[in-house]
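Beneath this line is the structure, given in structure tokens, with notes to follow.
As the structure lists them, so they are numbered: ligands from 1, and atoms in each ligand from 1. Scope of the values below: all heavy atoms of this structure, side chains included, with no hydrogens, waters or symmetry mates.
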Amino acid sequence: MERSLPWAWYADPDVLRHEGERIFARSWQYAGHSGQIAEGGFFASTAGQIPVVVTRARDGELRAFLNVCRHRGHVVASGSGQRETLQCPYHAWTYGLDGRLRAAPRADREPGFDTGELGLKQIRVDTWGPFVFVNPDLNAAPLADALGDVPAQLAEILDVGALEFRFRTQFELDANWKISCENFLECYHCAVAHPGFSAAVDVSPDMYQLAAHGLVSSQVGPLRQNGSSFLADGEIPRSQFHFLWPNFGLNVFPGHPNLSCGPMLPLGPERTGRFLDYFFAPDVDQEWIDELLAFDNQVGAEDRDLVEGVQRGVRSGILTEGRILSESEQLVAHFQRLCAKALTG
Ligand code: FES
Ligand SMILES: [Fe+2]
């Protein structure tokens, strides 16, 4: 068994600030999906707590920017839309979708006002299938390096390019973002806490596979033999759950072609925002989708109780750390090593 990260790291505003600088400012993070800007326009998102905006201008190029006004720092764009420009709601500085500052009221009365140097700060953007990722670090290695063999593994069971976005779910948790990630990264708790899931997927340690490579952690769980579940109704024989450090989770359940994915976003030291984008093959019928969503919501409700319970425990400040099982929780250990390296290395 290994020792866990210090529990103080799960409630401390200073640690969250360091994570902002050393983790979220330097990593590939899921921002949204290409359907949000299929016809041009923009969508706003966040990389950790960093506001970002992804645009597709008339020239067809996908770009991403820090979504912070160069004037006095208001967040510029919110939501999504098809527009030619982004206008800051504070004093109406107006930027093109290429990031250039196009106009600022009263600029003509201001000597030395150089719009040329006050464009939105550009950041990195890249895609994999319909998934759009951003990275505030202009010198980051390519997204493909970060994703490793996840696209190839998924291709064994699913054609990501043929998926269509259907809907997004959103919720918040009273827990540090790392607790939410760690909960995603092990199925040691599945037999205890997820009876419905465990009746469908074989979560026994010999059948449920865990593997970590680089920034990616993967879990593959086959359908339970002789189990009866709507998940057995379809061509995908096993679930795949992938995680891209620091905060992106992706789920494929057995059954018909399905995929849901999204980030664990720090909203504060003890609060996490989540959203999940759900994609399906075009011919998957609504009844099966409804059943999957109900199933997934049940698992999500069970996980909420777990992560919020952990938060109440680790914040108590009496015990300073916990223990990690070397086999069943190897992906948690891997996650914690990456966090520790980023924060202290
Ligand atoms: S802060 Fe954006 S226009 Fe003033
Ligand atoms: Fe869980």
Verdict with reasoning, Y10 to Q311, per side-chain hydrogen bond (donor to acceptor under 3.5 Å, both in side chains): CA-CA 8 Å; Y10 294 79; Q311 187 68 33; over 6 Å; no

Chi angles and distances behind the side chain to side chain contact (heavy atoms under 4.5 Å, CB included) call for H71, Y90: CA-CA 9 Å; H71 177 217; Y90 202 170; 5.8 Å; no

Distance flag, aromatic centroids of F65 and Y95, threshold under 6.0 Å: no

Side-chain donor/acceptor of Q330 to backbone N/O of E327, under 3.5 Å: yes

R56 side chain vs A38 backbone, donor-acceptor pair below 3.5 Å: no

In the protein, N/O/S atoms that are found under 2.8 Å from atom 2 (Fe) of ligand 1, waters not counted: C69 SG, C88 SG

Modelled atom types, side-chain donor and acceptor of H189 and D303, under 3.5 Å: yes

R109 atom CZ: more than 12 heavy-atom contacts under 6.0 Å: no

Atoms of protein origin (N, O or S) under 2.8 Å from the Fe ion (ligand 2): H189 NE2, H194 NE2, D303 OD1, D303 OD2

CA sep, side-chain torsions, deciding dist, call: E2, R337, salt bridge (Lys or Arg N to Asp or Glu O under 4.0 Å): CA-CA 11 Å; E2 295 186 34; R337 278 192 293 272; 3.1 Å; yes

CA sep, side-chain torsions, deciding dist, call: E182, K178, salt bridge (Lys or Arg N to Asp or Glu O under 4.0 Å): CA-CA 6 Å; E182 291 165 6; K178 297 188 293 301; over 6 Å; no

